[in-house]
Amino acid sequence: MSGPASAIEVRDLHVELDGRPVLSGVDLAVPAGAWLAVIGPNGAGKSTLLRALAGLPAARGEVLAGGVTVRGLPPRRRARLLAYAPQDPVLPPDLTVFQYALLGRTPYIPYLGRETRQDAEITASVLERLDLTGFAGRPLGHLSGGERQRVVLARALVQRAPVLLLDEPTTALDLGHQQQVLELVDRLRLADGLTVVTTIHDLGLAGQYADSMLLLAAGRRVAAGPPAEVLTEPLIARHFGARVQVTPGPGGRALVTLCRPGRPAPQEDPCRP
């Protein structure tokens, strides 16, 4: 395992839900300022892993953020270390976009206190960077799926925790907003030294943005390392049941191309055997 420089460290993590093992003996370490993408087939335990990093489900093993054990921390203290954006959050329909994003400042507001001008300025800045300023006064119940997804990310970013946990942050977004959100996350990571852990279904996107990857299958770690070592044709075939070709792209990052079985392939088709 990594030493003190790890922003997130997990040792022998086990999680059961309704008496069923979901994660078994998972280990990982994410250096400060790095981006880890957690990938795997449906039901592999990806979302459960992120929730466990945030200290939410009961678990055995150890989760540390910045060398501090997450489990047992008061929620406000934990929220200053980790910002977690779930895939399907509960969004009160009458709350405005600005009001919901401002909730990310809750860990910094004293009990019975009120938000400060600085809290409002931080919130407005994040909304602007996510192209949400025009939606600030709009109720959450009047947003599209993609807009709601960006608002959830906004609340997490407003929290200004050093570790950002994002569960499928691009699922409901169109191609342009997928790129916009991931580029923003990457810029914030580089500028502010954020450590990012995401689950991403799209292996191509994961390979383009992550520094390292963790492949889960049936709740167990089956591969981990740089994208080029995890995004391999045999691993993808074995655990996703997909025929792909993996080629080096710009900067040496892995590009994943889906190969359609049974389709006549032209001579130049890279998937042609």
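Everything quoted here is computed from the prediction, not taken from an experiment.
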With a 4.5 Å cut-off on side-chain heavy-atom distances among I, L, V, M, F, W and Y, is there a chain of contacts connecting Val151 to Val185? yes
Please name all residues satisfying side-chain contact (heavy atoms from CB on, under 4.5 Å) with Ala124, sequence neighbours left out, ordered by chain then number. Phe98
For the residue pair Gly207 and Arg253, what are the closest heavy atoms and their distance? O-NH1, 3.0 Å
Might you point out which heavy atoms bring Leu214 and Ala224 nearest each other, and give the distance in Å? CD1-CB, 4.1 Å
Applying ring-ring contact (aromatic ring centres under 6.0 Å, His included) as the test, list every pair that has at least one member in residues 133-157; sequence neighbours left out. none
Derivation of the side-chain contact (heavy atoms from CB on, under 4.5 Å) call for Leu164 and Leu188: CA-CA 10 Å; Leu164 190 58; Leu188 290 171; over 6 Å; no
Residue list, side chain to side chain donor-acceptor pair (under 3.5 Å) with Asp174, at least two apart or on another chain: His177
For Ala52, enumerate each residue passing the side-chain contact (heavy atoms from CB on, under 4.5 Å) test, keeping only those at least two apart in sequence or located in another chain. Leu13, Val15, Pro57
Side chain to side chain donor-acceptor pair (under 3.5 Å) partners of Gln178, counting only residues at least two apart: none
Once side-chain hydrogen bond (donor to acceptor under 3.5 Å, both in side chains) is applied, what residue pairs with a partner in residues 149-160 remain, sequence neighbours excluded? none
Arg60 side chain vs Asp12 backbone, donor-acceptor pair below 3.5 Å: no
Separation between CZ of Arg243 and CG of Leu258, rounded to the nearest 0.5 Å: 9.5 Å
Rounding to 0.5 Å, atoms CG (Leu153) and CG (Leu166) come to a distance of 6.0 Å
Is the shortest heavy-atom distance from the side chain of Val163 to the side chain of Val30 under 4.5 Å? no
Stepwise, does the side-chain contact (heavy atoms from CB on, under 4.5 Å) test hold for His239 with Ile39? CA-CA 10 Å; His239 297 291; Ile39 63 171; over 6 Å; no
What pairs of residues pass the side-chain hydrogen bond (donor to acceptor under 3.5 Å, both in side chains) test when at least one of them lies in residues 196-216, not counting sequence neighbours? Trp35-Thr198, Asn42-His201, Asp167-Thr199, Glu168-His201, Glu183-Tyr209, Arg189-Asp211
Heavy atoms from other residues, nucleotides or ligands near CD of Gln180 exceed 12 (cutoff 6.0 Å): yes
So the side-chain hydrogen bond (donor to acceptor under 3.5 Å, both in side chains) pairs with at least one residue in residues 121-138 (sequence neighbours excluded) are Arg117-Glu121
Heavy atoms only: give me the nearest Ala32-Thr195 pair and the separation to one decimal. CA-OG1, 3.4 Å
Residues which pass side-chain contact (heavy atoms from CB on, under 4.5 Å) with Ala54, listed by chain and number, not counting sequence neighbours: Leu56, Tyr84, Leu165
Any chance you could lay out the side-chain contact (heavy atoms from CB on, under 4.5 Å) test for Ile8 and Val70, step after step, and finish with the verdict? CA-CA 10 Å; Ile8 285 285; Val70 171; 5.7 Å; no
Quick one: closest heavy-atom pair of Pro89 and Val152, and the distance? CG-CG2, 3.3 Å
Hey, can you pull the donor-acceptor pairs under 3.5 Å for the side chains in residues 229-238, sequence neighbours left out?
from, atom 1, to, atom 2, distance (Å)
Thr232, OG1, Leu235, N, 3.3
Glu233, OE2, Val246, N, 3.0

State the CD-CG distance between Glu62 and Asp27, to the nearest 0.5 angstrom. 11.0 Å
Could you tell me the separation between the CG atom of Leu53 and the CG atom of Leu64, rounded to the nearest 0.5 Å? 11.0 Å
Mind jotting down which residue pairs meet the side-chain hydrogen bond (donor to acceptor under 3.5 Å, both in side chains) criterion with at least one end in residues 97-106? Sequence neighbours excluded, please. Thr96-Gln99, Arg105-Asp119
If you apply the rule side-chain contact (heavy atoms from CB on, under 4.5 Å), what do you find for Thr69 with Val63, and how did you get there? CA-CA 6 Å; Thr69 300; Val63 177; over 6 Å; no
Measuring from atom CG of Leu194 to atom CZ of Arg187, what distance do you get when rounded to the nearest 0.5 angstrom? 12.5 Å
Test of understanding: with side-chain contact (heavy atoms from CB on, under 4.5 Å), list the residues that count as partners of Arg220, not counting sequence neighbours. Ser24
Out of curiosity, Arg77 CZ to Leu81 CG, how far, rounded to the nearest 0.5 Å? 4.5 Å
